Student: 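Submitted below is the structure of interest, expressed as structure tokens.
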2 protein chains.
Amino acid sequence: MNVADLILRKRDGFALAEAEIVYLIDGYTAGRIPDYQMAALCMAVYYRGMTAEETLCLTRAMVHSGSVLDFSSLSGLKVDKHSTGGVGDKTSLIIAPLVAAAGSSVPMISGRGLGFTGGTLDKLESIPGFTVQLTLPRFRQVLERVGCAMIGQTDEIAPADRKLYALRDVTATVESIPLICASIMSKKLAEGLDGLVLDVKTGAGAFMPTLEQASDLAQSLVDIGNGLGTSTVALITDMNQPLGKAVGNALEVREAIQTLKGEEPQDLSLLCEELSSRMLSLDSNASAAGQTRARVVEALSSGKALQKFAEMIAAQGGDPRVVDDFSLLPQASYQEVMASPSRGFIQSLNAKGVGRASMSLGAGRETVDSQIDPSVGILLNKKIGDWVEKGEPLCTVFYNQTAKLQSVRQSLLEVFSIGPDRVEPPPLVKRMVE
Amino acid sequence: MNVADLILRKRDGFALAEAEIVYLIDGYTAGRIPDYQMAALCMAVYYRGMTAEETLCLTRAMVHSGSVLDFSSLSGLKVDKHSTGGVGDKTSLIIAPLVAAAGSSVPMISGRGLGFTGGTLDKLESIPGFTVQLTLPRFRQVLERVGCAMIGQTDEIAPADRKLYALRDVTATVESIPLICASIMSKKLAEGLDGLVLDVKTGAGAFMPTLEQASDLAQSLVDIGNGLGTSTVALITDMNQPLGKAVGNALEVREAIQTLKGEEPQDLSLLCEELSSRMLSLDSNASAAGQTRARVVEALSSGKALQKFAEMIAAQGGDPRVVDDFSLLPQASYQEVMASPSRGFIQSLNAKGVGRASMSLGAGRETVDSQIDPSVGILLNKKIGDWVEKGEPLCTVFYNQTAKLQSVRQSLLEVFSIGPDRVEPPPLVKRMVE
């Protein structure tokens, strides 16, 4: 096969055959096909798209570019959740121990944050001693003992995706639905799952602003998962405002623990319960969704989910006492309360703005090389639909450097829009795609 | 400037500014910008195109990626001709000495053949001893002494084009009008010309099959030339059938010499006279086209043009006696006459088919590494509109390997379409663009 001819065919709008896609991905992973040919192909895919069949073949080729984990020796369902990314989204920290406490296994491989969205690995690393870099044998041990384990990407898992993503990042070819789908799904399907629940965010703070765009992306992802033999459903959920109240790594770990303790029932708890019960329902032998919801509630109220989280922390080298003593988490030196300049209802709360402010404080990465400060971030005192008096706290900023506080002060006030009209909080789960 | 941002802007259909284009071309030429980013950009340009202003800036940046020759010390006009490529097109060999004999200087830098079209350098190298690899100082010496010189690309001339063309060739990004225009014009404008005549081929054997496509390409090229200060016009000429009767390197040199001798007035002579008089007319002080035509005819009929060709051959290391003794040119071992299977008028004569057959005999390159056999090729006995009796020669094949003859025998018969209807030969010059 001639690579230039394959690029030409895609450039001119023709579909590539499975053998051709395998040839491209295998050759690229092994270094036989150079970056410049793959970059031209990615740009052609950006314009021409891929058929559902091509996207399925691409994902399968990327899954098989490395090791596919086999947890069939573990009892129970092997399930995972993936979110397309949002601000304040710490659901993974809650869901993994929650679903494990309810009897399934959760072998979760996550990513780091970049830009205004946080990353699960960065949040976990704010727990003293916690390591996300386990070998695959050690990952299996933790899974067997605890029922859940949360690690970062390894060289063995979907190496084609790592190489391809780095290339797309510098060639303006990230925003291509088939390439995004293959990237997401190749990593997840290499985990050897029985089932996968996708949390596709929509709204002003999401990659897919409209419900239709999010639904199209969700349908592509779900079709790939089911097409490759993993039961997959997607929930389209709101990302107009941050999820929960905490944004920033240690602050989000604290909120996750509070949620596992059943404190402050709110949007975050509801979404975690919804996602978890969907994960447990993916077993074809499982009881109906109503019954799985009862198992989820029981795992929370009994304290088993919190205990699983503590066990996983201990198994991955962290200090499990953090679940009872938040002072063991990194603490910012200073706090500043942002008082409301007016009274009224919160009309909107710009998630991207909060995410960017948190990043500017040091909680996120502006570039891949940025160092993260685990202690800084923002606690929201008010969310959409809440009433606020003039002078009442809108949010609290946790910071270590005064210069950084000053850089975000004005923009943080602007993320809140306050007015006289009563507004309802946006519904959290907008649609299910299966 | 961030290269990924520039790719993104072009991807999304925005025009790049001159400073951005200069940054990209300078960075790519110097190796600071990697092939994979330039490949993605070229694919985005393939889909999005470039404005006239962008194409002008790109060409200028590519011209200035290397040396720009300065022949201002030479007396008279410095002019050149460029053809977009065809089958049997040996006009450069005739025009360079012809225009030099008429008093202008022709510093011609040419290319090699690839695929079914021949290359001027390959044709010249079939002359024993002739070298196309002169240093720039030697190029200047020959120009000063003879008035014309014909060499190959040097490392100093438009290095950005050489690097970019090699990349486009393997990334399916050759067929982009702005990139084609910038590639052609950057090399020619680096010759330090006062004027340039473009011969844009159209018809079944041309890169641009329709007159409209060819006219659009011609207009872009002319606008770039004039925009960058070189008087430029284009002739749109026919490439439905091969030009002249000879296809193959030494065979074409022989036909060029015959044309310089004024033998066999035909399509080739007419086109050379037309192109040459246009070149001489580019001088704003020059006499009208009618008068330059008279100078061209005089240069031919006086034998001065032929003498210039002999002088240039000698100055570039070749044996000038070839102009009087064709037996000094490489000779194929065998000839086979292809007899007509029927009687009638030649309805069409597939230029691409003749070009491919000649390439298969060894006269052209299937890949850039192919070795050329200078002696083989095809002489056409009949052209469009000619009457042929059954059994009369259609063409004569000059070959060295019987296996290669056999591979082209059938396809060569098929390039001729013979029928009862009288047809006119296609008009040679279809349009002028200025």
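Every heavy atom of this structure was used, including side-chain atoms; hydrogens, water molecules and symmetry mates were not. Remember, it's a predicted structure, so these values are computed and weren't measured experimentally. The sequence lines fix the lettering, A, B, ..., with proteins before strands; numbering per chain opens at 1.
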Student: List the residues meeting side-chain contact (heavy atoms from CB on, under 4.5 Å) with A218(A), not counting sequence neighbours, and say none if there are none.
Tutor: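 side-chain contact (heavy atoms from CB on, under 4.5 Å) check on A218(A) returns V200(A), A234(A), I236(A), V433(A).
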
Student: Under 4.5 Å from any heavy atom of chain A, what part of L6(B) do you find: side chain, backbone, both or neither?
Tutor: neither

Student: Return the minimal non-hydrogen interatomic distance between A4(B) and A172(A), and the atom names on each side.
Tutor: O-CB, 3.8 Å

Student: At a heavy-atom separation under 4.5 Å, does V170(B) approach chain A through its side chain, its backbone, both, or neither?
Tutor: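 Contact with chain A is through both the backbone and side chain of V170(B).
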
Student: Scan chain B against chain A and return every donor-acceptor pair whose distance is under 3.5 Å.
Tutor:
{"unit_1": "R11(B)", "atom_1": "O", "unit_2": "Y47(A)", "atom_2": "OH", "d": "2.7"}
{"unit_1": "R11(B)", "atom_1": "NE", "unit_2": "Y46(A)", "atom_2": "OH", "d": "3.3"}
{"unit_1": "R11(B)", "atom_1": "NH1", "unit_2": "A172(A)", "atom_2": "O", "d": "2.8"}
{"unit_1": "R11(B)", "atom_1": "NH1", "unit_2": "E175(A)", "atom_2": "OE1", "d": "2.8"}
{"unit_1": "R11(B)", "atom_1": "NH2", "unit_2": "Y46(A)", "atom_2": "OH", "d": "3.4"}
{"unit_1": "Q37(B)", "atom_1": "NE2", "unit_2": "V170(A)", "atom_2": "O", "d": "2.7"}
{"unit_1": "Y46(B)", "atom_1": "OH", "unit_2": "R11(A)", "atom_2": "NE", "d": "3.3"}
{"unit_1": "Y46(B)", "atom_1": "OH", "unit_2": "R11(A)", "atom_2": "NH2", "d": "3.4"}
{"unit_1": "Y47(B)", "atom_1": "OH", "unit_2": "R11(A)", "atom_2": "O", "d": "2.7"}
{"unit_1": "V170(B)", "atom_1": "O", "unit_2": "Q37(A)", "atom_2": "NE2", "d": "2.7"}
{"unit_1": "A172(B)", "atom_1": "O", "unit_2": "R11(A)", "atom_2": "NH1", "d": "2.8"}
{"unit_1": "E175(B)", "atom_1": "OE1", "unit_2": "R11(A)", "atom_2": "NH1", "d": "2.8"}

